[in-house]
Chemist: 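Take a look at this one; I'll ask things after.
Worth knowing before you read on, the calculation uses all heavy atoms, side chains too, and leaves out hydrogens, waters and symmetry mates.
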Amino acid sequence: MIIRSGLATILAMALAGIGTPSLAQEYQADEGQLNSLFPEGKPYSPYADRNFPEQPLWGDSHLHTALSMDAGGFGNRLGLKEAYRFARGEQVTASSGQPVRLARPLDWLAITDHSDGMGLIGDMLAALPIVTKYEQGARWSKGMRAGGQSAVDAALDLIGTFSQGKVNPDLMANYSPGARRYATVWDEVINAAEEFNDPGNFTAFIGFEWTSLAAGANLHRNVIFRDGPDRARQVVPYTTQQPIGSTDPLDLYKYLEAYELRTNGATMAYAHNGNLSNGIMFPMDAQYTGRKLDKLYVEQRAKWERMYEVTQIKGDGETHPFLSPDDEFADYGTWDVGNLDLSEAKTDDMLAGEYAREALKNGMVLEVKLGTNPYKFGMIGSTDSHTSLVAIEENNFFGKHAGYEPSAERLTHPFMKNENGELFSWQQVASGLTAVWAQENTRASLFDAMDRKEVYGTTGPRMTVRFFGGYDFAETDLRSREPSAVGYAKGVPMGSDLTAAAEGKAPNFLVAALRDPIGANLDRIQIVKGWVGADGATHEKVYNVVWSGEREADSNGDVPAVGNTVDVASATWTNTIGAAELIAVWEDPDFDPAERAFYYARVLEIPTPPWYLFDVLKYGVAIPKGAPTAQQERAYTSPIWYTPST
């Protein structure tokens with residue numbers, strides 16, 4: 001308080017025209033700046049008495065081990081313990097026999113093995129009678145044990161048969177809820193999570209993936225529990241196979257509700273790969289079953305699905321060039337050939353039901369119609385790796401499954417191909433990770449941050465991103481080296497709702513990004529806005545709010561490209577362009593207080609080499625035809641929503 005008083009005296013003397021010491025000439029501050037630096041009642045130390053998250057905790061919310069039917073079928077031989085050890089930063093040996101280690105450990109991990117058929121592949125490889133007494137099981141077991149192409153063919157046949165719902169029901173019953181073997185496998189999952197869970201240092205969530213498929217269209221959800229083994233052991237995972245399971249999300253929500261009622265615990269679900277759903281991930285009129293959307297559907301989905309996995313190996317799901325033709329960065333990691341198993345080709349009319357940005361817009365329309373926004377989700381990134389390895393760094397990419405771990409051959413054959421289309425190996429996206437603004441590295445704290453949507457996803461880099469919304473941010477706030485303190489004091493963080501606008505006020509936003517310490521510089525920060533007009537139609541606009549260098553925006557707000565330092569021959573780049581950090585206060589210039597809207601930040605790095613250039617360098621193979629030689633990795637924050645007061 002003495003320092004505050006002294007500075008105020010100097011300021012008062014200067015304003016009065018009274019001669020002051022030379023300090024008055026060196027320190028030019030107004031009263032607002034002084035109040036922000038030394039607010040009444042606050043201690044001198046800016047770090048004392050803080051009650052908000054101070055650093056992002058990095059993790060993967062979607063990883064598969066050899067327990068998953070498809071992962072094990074494609075050759076993954078690493079189990080739960082290897083996955084946790086790798087995530088914590090230890091070196092392990094991959095299924096292909098190669099040593100592998102992360103550049104930096106993760107803070108947390110959710111292993112989400114497929115609940116259907118969990119543990120089946122291990123028993124199939126062991127040729128146990130519980131499998132081989134069935135014709136399908138015996139055939140698949142023989143193929144997988146033979147190895148080589150026979151194993152690949154057997155795995156493809158198994159996965160294709162499952163995706164079409166044609167696996168022998170008696171065989172599946174042995175690896176479904178109610179079976180002794182299934183309960184044993186679930187115990188193994190819980191025990192491993194508990195062994196590696198180290199509150200304060202590393203968090204291991206208990207979870208699974210519910211693998212709903214509608215004739216090959218992806219409706220998958222991951223499920224995680226806030227709780228430990230005492231509660232998690234009171235249930236087993238929910239599956240899709242009849243008569244116990246279901247492919248309908250409404251039935252999954254019933255399972256989640258029953259868990260909480262039975263255990264007094266907490267759980268949530270989050271979907272992924274709407275881009276492989278052929279239009280049914282985010283319905284507007286009816287579910288894939290034909291059931292019309294109603295209050296029950298929108299309320300249940302909003303309650304249980306608090307996040308959406310917007311980027312991962314099987315494509316980026318923010319938006320699509322067809323849906324966002326004015327967005328120059330929309331075509332990133334695009335997978336738009338067909339559904340999950342390519343049993344049906346994609347058509348343009350399906351895209352609106354597949355991508356996050358369109359869902360965020362359409363959710364507001366449903367809110368007007370049915371009273372609740374079912375697509376009001378935070379945005380996260382995950383790997384969906386089936387190798388047990390969260391290895392998605394561009395120079396350390398171990399692929400989607402064990403068949404695509406590093407080798408001289410992995411760029412020479414397609415990832416998927418049939419009469420409906422083709423996805424090339426190089427189109428695997430080395431993505432993504434989730435950053436959680438949690439106060440502690442514990443299951444409870446991380447889960448609670450996810451529940452309030454204070455999360456963001458990246459395509460792999462670990463840039464630090466803050467995004468706050470309010471009505472009173474000012475340019476002077478940019479001078480603070482503690483934007484988080486200002487953000488929480490004057491606004492709400494990512495994932496939140498703005499209060500109604502005061503007369504004559506428009507929302508403004510404080511957004512800040514700091515580059516990955518071992519990664520690329522930043523190109524720009526954009527704010528993506530979506531809104532519902534007076535006519536009920538949805539709209540979107542991407543605003544460049546701050547960028548590196550001396551570039552100038554044109555009359556439309558477009559900013560020239562940052563440049564490209566990628567050296568293709570050496571798979572390197574330089575940080576001679578871009579900025580290490582960017583920060584801005586931006587006010588919506590097109591705000592209408594009568595219109596529902598959302599805003600989220602997208603942070604772009606400068607161009608860097610994609611993962612396959614490192615394969616080219618390592619193995620001396622050719623760059624795949626049509627493969628870009630540079631990319632701009634990115635982060636997506638959870639949105640902030642504005643809802644009119646009436």
Side-chain angles (χ1 to χ4, degrees), residues 57-115 117-126 128 144 175 181-209 222-225 227-233 236-237 382-393 396 398-403 405 433-434 441-443 446:
L57 296 175
W58 292 95
D60 184 5
S61 57
H62 184 182
L63 180 71
H64 294 269
T65 74
L67 283 179
S68 285
M69 193 161 55
D70 51 354
F74 281 122
N76 183 2
R77 299 297 176 259
L78 303 187
L80 300 159
K81 293 187 178 183
E82 290 91 344
Y84 284 125
R85 286 176 49 220
F86 182 77
R88 293 196 313 186
E90 298 178 38
Q91 181 170 307
V92 302
T93 301
S95 297
S96 54
Q98 304 175 70
V100 58
R101 181 171 170 263
L102 281 175
R104 295 164 288 182
L106 296 177
D107 298 306
W108 58 272
L109 177 66
I111 293 177
T112 53
D113 280 308
H114 295 297
S115 58
M118 192 184 290
L120 170 63
I121 296 299
D123 292 353
M124 194 171 283
L125 288 166
L128 297 184
M144 289 184 187
Y175 298 91
R181 179 71 181 115
Y182 195 81
T184 300
V185 173
W186 182 235
D187 262 349
E188 293 170 3
V189 170
I190 294 171
N191 291 340
E194 197 62 14
E195 177 182 345
F196 286 89
N197 191 55
D198 182 12
N201 297 304
F202 181 83
T203 293
F205 281 105
I206 300 169
F208 63 89
E209 180 171 353
N222 292 304
V223 173
I224 59 170
F225 300 97
D227 314 302
D230 290 348
R231 290 189 171 103
R233 280 200 176 93
V236 293
S382 307
T383 67
D384 193 9
S385 167
H386 282 51
T387 63
S388 303
L389 307 170
V390 188
I392 44 84
E393 299 148 310
N396 196 32
F398 270 64
K400 167 66 177 176
H401 60 70
E405 291 185 355
L433 290 177
T434 295
N441 191 353
T442 63
R443 285 171 179 155
L446 285 162

Chemist: With a 4.5 Å limit on heavy-atom distance, are the side chains of Val223 and Phe208 in contact?
Modeler: yes
Chemist: What are the two closest heavy atoms between Pro229 and Ile190, and how far apart are they?
Modeler: CB-CG2, 3.5 Å
Chemist: How close do Gly72 and Arg77 get, heavy atom to heavy atom, and via which atoms?
Modeler: O-NH1, 2.8 Å
Chemist: Treating Glu209 as the side-chain partner and Ser115 as the backbone partner, does any N or O pair qualify as donor plus acceptor under 3.5 Å?
Modeler: no
Chemist: Does Leu67 offer a backbone N or O that forms a donor-acceptor pair with the side chain of Thr65 under 3.5 Å?
Modeler: yes
Chemist: Looking at every heavy atom in both Trp186 and Ala232, which two are closest together, and how far apart are they?
Modeler: NE1-O, 3.3 Å
Chemist: Could you tell me if the side chain of Met69 sits less than 4.5 Å from the side chain of His114, heavy atoms only?
Modeler: no
Chemist: Using every non-hydrogen atom in the two residues, find where Asp113 and Met118 come nearest and quote the distance to one decimal.
Modeler: O-CE, 3.6 Å
Chemist: Verify whether one side chain among Asn76 and Thr387 offers a donor that lies under 3.5 Å from an acceptor in the other.
Modeler: no
Chemist: If I compare all heavy atoms of Thr442 with all of Gly200, which pair ends up nearest, and what's the gap?
Modeler: CG2-N, 4.3 Å
Chemist: Could you tell me whether a side-chain N or O of Ser385 sits under 3.5 Å from a main-chain N or O of Leu389, the two making a donor and an acceptor?
Modeler: yes
Chemist: Rounded to the nearest 0.5 Å, how far does OG1 of Thr93 lie from CD of Gln98?
Modeler: 10.0 Å
Chemist: Give a yes or no on whether the backbone of Leu433 and the side-chain of Asp60 come within a donor-acceptor separation of less than 3.5 Å.
Modeler: no
Chemist: How long is the straight-line distance from OH of Tyr84 back to CG of Leu78, given to the nearest 0.5 Å?
Modeler: 14.0 Å
Chemist: With side chain to side chain contact (heavy atoms under 4.5 Å, CB included) as the criterion, how do Trp108 and Phe205 come out once you've worked through the C-alpha distance, each side chain's angles and the decisive distance to 0.1 Å?
Modeler: CA-CA 8 Å; Trp108 58 272; Phe205 281 105; 3.9 Å; yes
Chemist: Evaluate whether atom CZ of Arg101 has more than 12 neighbouring non-hydrogen atoms of other residues, nucleotides or ligands under 6.0 angstrom away.
Modeler: no
Chemist: Nearest heavy-atom pair of Tyr182 and Val236: which atoms, and what distance?
Modeler: CE2-CB, 4.2 Å
Chemist: Under 4.5 Å between any side-chain heavy atoms of Arg85 and Phe196, yes or no?
Modeler: yes
Chemist: Do Glu405 and Ser96 meet the criterion of a side-chain donor-acceptor pair at a distance under 3.5 Å?
Modeler: yes
Chemist: Do Arg443 and Ile206 come close enough that some side-chain heavy atom pair is under 4.5 Å?
Modeler: yes
Chemist: State, with a plain yes or no, whether a side-chain heavy atom of Leu57 is found less than 4.5 Å away from one of Leu446.
Modeler: yes
Chemist: Between Glu82 and Gly79, is there a donor-acceptor pair closer than 3.5 Å when you use the side chain of the first and the backbone of the second?
Modeler: yes
Chemist: Tell me, do Ile111 and Val189 make a side-chain contact under 4.5 Å, heavy atoms counted?
Modeler: no
Chemist: Any side-chain donor-acceptor pair under 3.5 Å between Ser61 and Ser382?
Modeler: yes
Chemist: Would you please test Asp123 and Arg181 for salt bridge (charged side-chain N to carboxylate O under 4.0 Å, His left out) and show each step?
Modeler: CA-CA 10 Å; Asp123 292 353; Arg181 179 71 181 115; 3.0 Å; yes
Chemist: Please say which of His64, His62, His401 ends up in a ring pair (Phe, Tyr, Trp, His ring centres under 6.0 Å) with His386.
Modeler: His64
Chemist: So, do Phe202 and Asn197 sit near enough that their side-chain heavy atoms are less than 4.5 Å apart?
Modeler: no
Chemist: Do the non-hydrogen side-chain atoms of Val390 and Leu109 ever get within less than 4.5 Å of each other?
Modeler: yes
